[in-house]
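Just so it is clear, the structure is predicted and the values come from calculations on it, not from any experiment. Order of the sequence lines fixes the chain letters, A, B, ..., with proteins taken first and strands second; residue numbering starts at 1 for each chain.
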Number of protein chains: 2
Amino acid sequence: MATLSDVARRAGVSPATASRVINGSSKPVTDELRERVLAAVAELQYVPNAHAQLLARSHRSAVGVIVHDVSDPYFAEITRGLQRVATDQGRLLMICNSYRDPDRELEYVELLRGHQVAALILAGSGYHDEAFTRQLNEKLAAYEATGGRVAVIGRHEHSGDAVMPDNRTGGYLAGQELCGLGHRAIGVVAGPRILTTTTDRLAGLRQALTEQGRELPERRIRYAEFDRDGGAEATARLLDADPELTAIVALNDSMAIGALATLRARGLAVPQQISVLGFDDMPIARDVTPALTTVRLPLVDMGVRAMSLVLGVGAPTPRVEVLPAELVRRDTAGPVPLSTRATAGSAPRARRGDSTS
Amino acid sequence: MATLSDVARRAGVSPATASRVINGSSKPVTDELRERVLAAVAELQYVPNAHAQLLARSHRSAVGVIVHDVSDPYFAEITRGLQRVATDQGRLLMICNSYRDPDRELEYVELLRGHQVAALILAGSGYHDEAFTRQLNEKLAAYEATGGRVAVIGRHEHSGDAVMPDNRTGGYLAGQELCGLGHRAIGVVAGPRILTTTTDRLAGLRQALTEQGRELPERRIRYAEFDRDGGAEATARLLDADPELTAIVALNDSMAIGALATLRARGLAVPQQISVLGFDDMPIARDVTPALTTVRLPLVDMGVRAMSLVLGVGAPTPRVEVLPAELVRRDTAGPVPLSTRATAGSAPRARRGDSTS
DNA sequence: TACCGCAGAGAAAGCCCTTTCCCGCAGGGA
DNA sequence: TCCCTGCGGGAAAGGGCTTTCTCTGCGGTA
């Protein structure tokens, strides 16, 4: 690999001059030398060693991002927002997938710190886990103590800058909608219990139902992975235990899609026999059939805000921005059926082998 | 930020010893010193500067990946495969989104080279663009000349290791299926003309039709962006020009989903009135309604192969692995309707405002 | 003519690690 | 007793770059 001194030697100048030409330093260099250097760069296909540069330069530029999984649409949208701002400011993003493994999350904080990122953004639900939270906060504090900036998206346990989707109100809106449609027997397909996102959304939902004199007993909640298969499976369990259900709230859209698959496999018509509500409003939500009624979160905007916080001029006080949730009515939620679906679910009629796999 | 010498000083040892403890060097260190060093590390919250490490160590470990967009399911799946192998081998992945901008692709090759990656993987279609291809190959050659390994996924213009999905056969299978179902008036919703993936798939499709004495005139092909909205829009144009169509082949699943949205908005029943075929078999394909009949590509496996090639022992001859495409029959492709759909499409009946937006 | 100032180039000091090389010391064999 | 060996530790040399500091030589001023 050609080095700067190779270039300098070939151009017949000192490494200092070569460096100045290559970086467009403010220090003037005569045109003749400049051209000789550029020629040498081209001939040698020289590319500066980024690590050496970052070591020699004092200022840090890259930004680290830790998400559950970039390919999960929820995080893909957030990342899109992050990218937009970062690119505008000429920042490189280092994106890490934690796959919701707390240990990996901790490791990535270290890794990114080691890579000298200027800021760190953690996106995705927090955990109901004292020990982990404390550990994480210690690590983040240590990082902040050395001048690093931190922002979190969707988790409340951090004391610094934060962007918070209003999960609780979102859950409340979902509950209100279903109550308005006359539903009483409402099941919930929930994400992992340990995630604060799950409990926040659940809390809002429960509040809405309680206010309407309805209940949300634990037996009508099933916890599973926050993805399509988790939703499909939880829905099946829910239906098996309680065939009287007239509505299902899935705590994110992926789970809702799984729920739809299970319902389809069992021959239950949505929304005629049973209503389904999602959460997040991922792009695919409008393209499933029936199109998903869901609670929209401004995902891209959440990313934009978080990155702006972190790259903005250092605010003295940590800022928390709460972004509103909003109900999007599409086709999966309808009025409660008039007749009791007494026999529904008792004769599952699989339409396709792979629908619920 | 604490440095290694800070740690060493605090532990009362030399930086060399501290380094050995921290990296688990093979050189033995007495337990007493080891503990002193570890204590100092903990107290100072020391994290080694990754750039300094990479500069000091000779061997390169990270692998660079350039894809169109990780959040596009096609690339998300490939990336999953890449990750799997990389993680097994303790390699860090640097993933860059080119958003199908050739210039950005070139820039990222430089960037990753500058970051001293041990290997480079380019995933995603090549371009019908001589100048760009030459430039790219020059850059890659320069990189390979310095010991870097390169593999491409799904593009044939590179001379080194490659993993190739059999796009042409995939197109052929799609054509065969539709011919078998009796279709003659077949429209194609294609990706950008400039992509080799588009032309390869199209070539296979055309071959199948030709063998069956059918035709695929240019007027039945619409080129658009390789995404949902592109598919929706191209389908609309296709239908406007030729309402007699009994089948539509979308050249990837995202476009197929857009096509379904347009057909739904126009009140055309799939597959009773018109059949739809997708390509790729992204995870969502089975969850749309009707479930998408499509050509499956072993996306995850493509990633696994590519990473294995690049991390495997340096083979003397460049290897090209062709991975087979396979037809997956679901619910969007049916026999050609018996009656001519003379009036269909003339009375579009929008079901929802946002279906085609 | 002597001196000053400045433009433009190079020398060299880091940036933070890893790793080779070397040194001192203790123990074992002759 | 002396020498050799081997172990544990430190000194120091990079690794490739940026940047400050220094130096040279020129034009301009007194």
| request: Starting at atom CD of A:Glu32, determine the distance to atom P of C:dG8, rounded to an integer number of angstrom. | output: 13 Å
| request: Look at all strands and tell whether B:Leu33 reaches a base, only sugar-phosphate, or nothing, counting heavy atoms closer than 4.0 Å. | output: sugar-phosphate
| query | With a 4.5 Å heavy-atom cut-off, do A:Tyr74 and A:Leu297 have their side chains touching? | reply | yes
| message | Set out, in order, the CA-CA distance, both residues' side-chain angles and the distance that settles salt bridge (Lys or Arg N to Asp or Glu O under 4.0 Å) for B:Glu144 and B:Arg149, then state yes or no. | response | CA-CA 6 Å; B:Glu144 287 179 302; B:Arg149 307 263 301 163; over 6 Å; no
| CZ of B:Arg9 versus P of D:dA11: gap in Å, rounded? | 13 Å
| message | Hydrogens and angles aside, do B:Ser25 and B:Asn23 bring a side-chain donor and acceptor to less than 3.5 Å of each other? | response | no
| remark: Readout for nucleotides 15-21 of chain C: B = base within 4.0 Å of protein heavy atom, S = sugar-phosphate only, - = neither; 5' to 3' it is BBBBBBB
| field | Contacts of type side chain to side chain contact (heavy atoms under 4.5 Å, CB included), residue B:Ser5, not counting sequence neighbours | value | B:Thr3, B:Arg9
| request: Find the distance A:His51:NE2 to C:dG14:P and express it as a whole number of Å. | output: 24 Å
Only distances under 3.5 Å count here; give the side-chain donor-acceptor pairs of residues 109-123 of chain B to other protein atoms, sequence neighbours excluded, each with its distance to 0.1 Å.
unit_1	atom_1	unit_2	atom_2	d
B:Arg113	NH2	A:Gln45	O	2.5

| query | To the nearest Å, how far apart are A:Asp6 CG and D:dG15 P? | reply | 11 Å
| message | Do B:Asn97 and B:Tyr99 pair up side chain to side chain, a donor and an acceptor below 3.5 Å, judged on atom types alone? | response | yes
